[in-house]
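Computed from a predicted structure; not experimentally measured. Note: hydrogens, waters and symmetry copies are ignored here, and every other heavy atom, side chains too, is used. Read the numbers this way: they start at 1 and go in the same order the structure lists the ligands and their atoms.
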Amino acid sequence: MAKLKGFDFWRSTLKGARYVVAPMVDQSELAWRLLSRRHGADLCYTPMLHAQVFVRDANYRRENLYSEVCPDDRPLITQFCANDPEVFVQAALLAQDYCDAIDLNLGCPQMIAKRGHYGVFLQDEWDLLENMIKLANEKLSVPITCKIRVFPEIEKTVKYAKMLEKAGCQMLTVHGRTKDQKGSLTGIASWAHIKAVREAVKIPVFANGNIQHLSDVQLCMEETGVQGVMSAEGNLHNPALFEGRSPPVWEMAEEYLQIVKQYPPCSLSYVRAHLFKLWHHTLQVHQDLREELAKVKTLEALAEVSEQLKHRCQDEIAKDEKGQDHLTGLLFPHWICQPYVRPPPKEPGTENGRKGIEVKAVSAKRAREDTDCSTDSLSKNKLKKKARNPHKNFCPEQKPKYIRCEQCGNPKGNKCVFNLCRGCCKKKAFKEVADCPSHGLRFKTKAQKLSAAETDGSHVNGTLSIQTEPPMDNPAVSQALV
Ligand SMILES: Cc1cc2nc3c(=O)[nH]c(=O)nc-3n(C[C@H](O)[C@H](O)[C@H](O)COP(=O)(O)O)c2cc1C
C-alpha cells in the first residue's frame with residue numbers, strides 16, 4: 001500500500017488523533033502510555049531514543065522498543081534524536097515495523113543535547129535537517145514527523161516549518177517555547193507562533209505547551225486551529241487530563257502500578273518518578289513518606305508507600321480537613337490530580353525596586369552552569385551527587401578530554417591501534433583479521449596460531465587436516481587459515 005501522507009496519514013493511521021501524550025525520556029514508557037490511553041489519550045510517543053545507540057546496540061533496541069510491543073499501544077510514534085542522515089535512517093528502518101511513524105526530536109534544549117549536537121541545537125542547521133528528512137521520507141515505509149521549538153521571531157519559525165514540510169515532514173508538533181525557555185525560565189508557550197505555523201503549512205500540526213486542563217485543550221484548538229494538542233507535564237500530574245477529570249491521586253497510582261505488574265519489565269526508576277509526580281502535592285505535606293519513596297528498592301515497597309499516602313489522605317478526608325492548609329495556589333485538595341505550576345522567575349521591578357535583578361540572576365546562574373564549576377552554581381541533583389562523591393568533577397572544561405573514536409564519536413580506547421572505541425575497533429579488527437592489544441583483541445594472533453597448528457598437523461599426519469568449521473564466520477579469517 002502506498003505510504004499515506006500529511007492529512008491522510010493523520011486521518012487514517014492516527015484516526016484523527018487530537019489528544020496526544022508527549023515523548024518523555026524515562027516517563028512515556030509502555031505502562032504509562034497504556035494508562036494514558038485508558039484515560040482519553042488518542043496517540044502516544046515513545047521516549048526519545050538515541051539513533052546511533054539504537055543502530056549499534058541490540059539490547060537497547062529490545063529494551064526500549066521491541067519488548068514493549070502491545071496491540072493496545074497504537075497508534076504509536078517512535079522518536080529519535082539524530083544528527084546524521086544515514087544513522088537516522090538506519091535507526092528508523094530498524095524501528096518502523098513497530099510503530100506508525102518516526103519522529104525527529106528538534107526540541108530538546110538540555111545540556112546533554114548541546115553536547116551531543118541534537119534536539120533544538122540543530123535548529124539552525126537547515127541543510128542538514130533537509131537532508132535527514134528527505135532521506136527518511138524516501139527510504140521509510142512509515143511517515144516522518146518532527147517536533148520543534150519556536151524561534152523568538154514568528155516569521156523565522158514559519159520559514160523553518162515550511163522548510164521541514166518541503167523536505168518531506170508529514171506532521172509537525174510545535175512546542176511554543178524557544179530554546180532558552182527551560183527550567184525556571186520555562187514560562188508561557190506562545191500560541192501565536194503555533195497559529196502562524198498552522199496557517200502556513202499544509203500538513204497536520206499539534207500544539208505543545210500550556211496544556212494543563214481539558215479546557216486548555218479546547219481553548220488552544222480554537223485559538224490556533226491545530227489538529228491536536230500534546231501534553232507532557234500536565235499528563236504526568238494528571239493522566240486523566242484528556243477525560244476532563246481530576247481523580248484522586250491513589251486511583252491513578254493504583255491503576256498505573258497494576259499495569260506495571262501486568263506488563264513487565266518496567267524500570268523501577270520510571271515507576272518511582274511517576275509516583276513522585278502523581279503524589280507531588282501530597283508529598284509536600286507528608287514529607288516523611290517522601291524520603292521513604294526515594295529510599296525503597298522494590299516495586300512492592302513503592303506500592304506500599306503509595307498505599308500509606310492514600311490512607312493518610314483518607315484520614316484527612318474523614319476528619320474533614322481541606323487538604324490545602326500547608327500549600328498555596330492549589331485548585332483542589334492535595335490528594336486530587338492537578339497540575340504543578342512551576343513558580344515563575346520574579347518579574348523585573350516587582351519587588352524592592354530591584355529591577356531585573358532576579359531574572360538576571362537566574363540567567364547568570366544558567367550561564368554559569370554551562371561553563372563554571374563552582375559548587376554554588378550546581379543544580380540540587382548535582383549537589384547531592386557531590387555530597388556522595390566529593391571528588392566528582394562537574395566542570396566540562398576540567399573533565400579529562402576524551403579523544404573521540406574516529407567512527408562514532410564515543411571516547412576512543414587509550415592505546416587503540418585504530419584510534420577507535422572498543423565496539424568499532426572490534427568490528428574493524430575482526431574484518432581485517434588484526435590485533436589490538438589495548439582492547440584485548442587478537443584476531444590475527446589466533447588466526448596465525450590456527451594456521452601454524454594446521455601446518456604442524458599436516459607434517460605429523462602427512463595429510464592436511466581439514467578445518468571443517470572456521471573459528472569465526474569471517475571470510476578473511478577463513479582465508480587466513482588455509
Ligand atoms: C520528564 C520529561 C521528559 C521529556 N522528554 C522528552 C523527549 O524525550 N522528547 C521530546 O521531544 N521532548 C521531551 N520532553 C518535552 C515534552 O515533550 C514537552 O515538549 C514539554 O514538556 C512541553 O510540554 P508541556 O508544557 O506539556 O510540559 C520531556 C518533558 C518532560 C517533562
Q) Which is it for C313 and W279 under the side chain to side chain contact (heavy atoms under 4.5 Å, CB included) test, yes or no, and what are the steps along the way? A) CA-CA 11 Å; C313 294; W279 285 113; 3.9 Å; yes

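- Put simply, the side chain of Y263 reaches to within 4.5 Å of the side chain of D72, judged on heavy atoms.
- With I148 as the fixed residue, the side-chain contact (heavy atoms from CB on, under 4.5 Å) test singles out one of T173, V174, V120, L104: V174.
- Residues L241 and Y19 have side chains not in contact (no heavy-atom distance under 4.5 Å, counting atoms from C-beta outward).
- Between R33 and D73, at least one side-chain N (NZ, or NE/NH1/NH2) sits under 4.0 Å from a carboxylate O, which counts as a salt bridge.
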Q: Take E138 and K134 through the test salt bridge (charged side-chain N to carboxylate O under 4.0 Å, His left out) and record every step on the way to the result.
A: CA-CA 6 Å; E138 215 177 280; K134 257 192 187 153; over 6 Å; no

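- Closer than 4.0 angstrom to ligand 1 lie heavy atoms from A22, P23, M24, V25, Q27, M48, Q79, N105, K147, H175, R177, N208, G209, N210, S231, A232, E233.
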